[in-house]
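These notes are about the structure you will find just below.
The chains referred to below are lettered A, B, ... by the order of the sequence lines, with proteins before strands, and numbering in each begins at 1. Nothing here was measured: the structure is a model prediction, and the numbers come from that model. These numbers come from the heavy atoms of this one structure, side chains and all, not from hydrogens, waters or symmetry mates.
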Amino acid sequence: MKIKVNALNSPPYKSLFYLNFCRICKNKISVISLAIIGMLVLMAIFGPIFAPNNPFKISLIHRLEPPSFGYIFGTDNLGRCIFSRILYGSRWTLLAGTIAVLIGVAFGTFLGLLAGYLQGWIEKIIMIFIDLLLSLPYLILVVVLTAILGPSLRSAMIAIGIWTIPYYARVIRSQTLTLKKAEFVEAATMAGENNISILLRYILPNCISQIIVLSTNSFAQAILMTAALGFLGLGAQPPLPEWGAMTAIGKEYVYIAPQTLFFPAFFICLNILAFNFLGDGLRDILDPRMRGM
Amino acid sequence: MSKLLLFRLVRLLFTLFLLVTLVFIAIRFIPGDPATMMLGASSSKEVLESLRKEFGVDQPLYIQYINFIKNLLKGDLGFSWRSRRNVIKELGNAVPYTLELSIVSMIVASIIAVFFGIISAINQNTFSDNIIRLFVLMGFSIPVFILGIFLIYLFSFKFGWFPISGAGGIKSLILPATTLGLFMSVSLTRLVRVSMLDVLRQNYVIALKAKGLSDYVVIYYHVFRNALIPIVTALGMQFGLSLGGSVITETVFAWPGMGRLLIWSINSRDIPLVQGCVLLFSCGFLLVNFIVDLIYFYVDPRIRALEK
Amino acid sequence: MKNILQIKNLKLSFNTDNGILKALNGINLTIQEGDILGLIGESGSGKTVVALSIMGLISIPPAQINDGQIIFKGKDLLSLKKKEMTNLRGNEISIIFQEPFSSLDPVFRIGDQIAEAIKLHQNVNKFEAREKAIEMLRKINIQDPVRVAESLPYELSGGMQQRAMIAIAMSSPNLSLLIADEPTSSLDVTVQKSILNLIKGLKENKSVNSCLFITHDFNVIAEVCTKVAVIYAGNIVETCPMESIFTNCKHPYTKALLKAVPKVSGNQAELESIKGFFPDLVKPPLGCYFHPRCLDRKYICQKEIPKMIKIDEGHYVACHLFN
């Protein structure tokens, strides 16, 4: 009598995408962060349309007024509406972050790929360059670069972008070195594919998850540093309503008019927080190896 | 072993040299004519010219570079264009303040990080761990200057416990050191936690418990000692963080250290002073990292095994 | 003969992401004074789980003890308080692990680690403990005990590290049970023999009363053990004296295991293996866990889990073929 045995069934197949999707949804904090970032983007795009007052309009009668119906967040030391300034300032914040990250991603990835793939003396030169960039403690490089380029928001963005390059380069380089030894890359080389094709088709796609995780964190850092530079007077120059510059004003007047400090500081922190949380959430999903954090 | 040391030393000197050259070139690009900045554009041409001659900016770049290197090797960094004082002297006045701030804040950061990092690790995934991790994440999101201003508002203004700014005695050190210390403790706490978790996963932790050692001894003696190794390396990075953070903290609290000097000299286009500050910051940072690397080499027996 | 250790119907499971994994499904083991019980089974059969459960080193949140008792010298270890269990460890029961390198603290010297154990279990001060540690190393046939005591784990060979581990395990004069979890599996064959001789010698000179020896290698069983228990997927399927296991084993799994051992002499064309796959312990087969792979299975095998039946003196089998 033939006995049917069904002990060798395998579990139902769940695709990787489905599992990741479940994780994203379970991660409520990531969702909230996305919502906050979405709000920032909306503020940047539509803010100026909804701003109740002209952020540059000086009105000495209404100096340092607490929040009221006419001025939702109150006014600063020159009578300008803080709420409108925050809305306008969101554009600069978003712009600064985007440009800094773009510069970092573009140049950093390029250098990293080059260093990891070609190795040899090219790699050594690139690594020396990266070591130099990293040899300056974190804010100092940015401060000096901004000074060289002339204090302005534009210089700040470029300086921060340059600062992020070594981080991308290092990560991409180590990823490239690992991937280079993978069998599918060896196979492609032997099949006669040229180097650029291999880089673009095999190595780069495998680096994308690292780039994404690094980018969210770089974005957060960029917002932070833009604000810091604005505060120091080296970044956004008055009368630009950049949030960091607004906190500089706030510092002077916090004792008599805390709203000048509170609102820009709150928005700076909120957005950095959102990007950091998002970065953590994405890292949980995309890079299981780093889940220990 | 000393061959390795020699190699590293050579590499350090090479990097320093490159750095110095790079700093020289980069700073020469700072826009703005120093003479005009100091005396105003309406001054007479001859006066401006003579000032420029005094500063040496009328010479072609490569001659300036040669003079610069010559002077550097002699230990002379020139004179501040603003204050006419020796750059070395200016730096010398500022360095003790920055060192004081850095060291105290690193101590504060270490205490906070070790305390919370260990609690977080041994109670992994419980309520206390999650709260600590949440605070760490939030801590990453608060820029130093906002933290500083907030602390001033709270403790100097509202409570009046500490002076609002300036240096003078222990009382004025507490707020800036707390600010910088809190700022640095964030990444350090995370590191302590990860390092401890890493060690707790190892097989020898079970073997140690199997010996009959109490949990207390296993964690605070064996596990912590092993976890300390990567933390010590990170101290080099922490020092860099403290230098960078000091730039902002000193500005917020008007603390007369190197950070404030740097910002001030940039704003006044005082090239020799900027140069001196940047050189000091970067060379100091490189040296400290080099020393930490050495310490790490001696502290971790496994690294010695790998290098063999 | 006194019972040193008696495991009664131990059921242990792990809470995993995929479900509840039944690691131990009613384990029954007895170790009497003077026994060296060999526990043999494949990887994943639960051998190490048994060892760690006796020591109380299984972390309880993912793991759960669903039933059973572990009676050591009359006391149920599962009902002991944490402090009492800690006192027993290393003192009356000790364990040596498979990978000696990953069982030693990498930043402390060997001598210090042994001395730490000695100081814990004997009433001596720091210096005496150090002396005794070196003495112990000499007793285990280490040529230069002082040099070894000053070394760090990574500086020693695998065999030396395992000897150091044995020295740590033997640091208590009250030792009644030594658990050896595949102590020679990661060592090469020549070193294996010397370690096994060492363990045999420990029993002979009464340093330890009894031993639970976990392995997957029948040759080791033949060298060292007095009794054998075969474990499959968290179930004990057969226990018998050492002499019977090779000549008179009854359970189909034991027979298949023995057949799978490659022969040195004779013409063997192919390696024999057991057909089928190791069962999924989250959804184990109904009835006897081995029945999907058993060539002699009957209808009842997929309905009921077989109970242990006495075949002979000291020889028990859990199989429906012998009902």
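Within 6.0 Å of the NZ atom in C:Lys73, the count of heavy atoms belonging to other residues, nucleotides or ligands exceeds 12. With a 6.0 Å radius and a threshold of 12 heavy atoms from other residues, nucleotides or ligands, C:Lys47 has its NZ atom above the threshold. Annotation for C:Lys200: atom NZ counts as buried by contact number, over 12 foreign heavy atoms lying within 6.0 Å. Heavy-atom neighbours of C:Phe14 CZ from other residues, nucleotides or ligands within 6.0 Å: above the threshold of 12.
Using a 4.5 Å cut-off between heavy atoms, C:Leu52 touches chain B through its side chain atoms alone. Of the two parts of C:Leu120, only the side chain, counted from C-beta on, holds a non-hydrogen atom closer than 4.5 Å to a non-hydrogen atom of chain B. For a residue to count as touching a neighbouring chain, one of its non-hydrogen atoms must lie under 4.5 Å from one of that chain's; by this rule B:Leu208 touches chain C with the side chain only. Contacts between C:Lys83 and chain B at a heavy-atom distance below 4.5 Å are absent for every atom of the residue. Using a 4.5 Å cut-off between heavy atoms, C:Glu116 contacts chain B through its side chain alone, with no backbone atom that close.
Atom OH of B:Tyr204 sits about 5.5 Å away from atom CG of C:Asp105, to the nearest 0.5 Å. Rounding to the nearest 0.5 angstrom, the gap separating the CD1 atom in B:Ile206 from the OG atom in C:Ser59 is 7.0 Å.
Shown here for B:Ala210 and C:Leu57, the closest heavy-atom pair between the two residues is CB-CD1, 3.7 Å. Closest non-hydrogen pair, B:Ala207 versus C:Ser103, comes out as CB-O, 3.2 Å.
Counting only distance, with no hydrogens or angles, the side chain of C:His121 and the backbone of B:Lys211 share a donor-acceptor pair below 3.5 Å.
Of the residues considered (C:Ile179, C:Thr86, C:Asn91), C:Thr86 shows the highest number of contacts with chain B, using heavy-atom pairs under 4.5 Å. The residue among B:Val205, B:Val199, B:Leu213 with the most heavy atom pairs within less than 4.5 Å of chain C is B:Leu213.
Ionic pairing of B:Asp215 and C:Lys82 is present here: one or more N-O contacts between side-chain nitrogen and carboxylate oxygen are shorter than 4.0 angstrom.
The ring of C:Phe108 has its center closer than 6.0 angstrom to the ring center of B:Tyr221.
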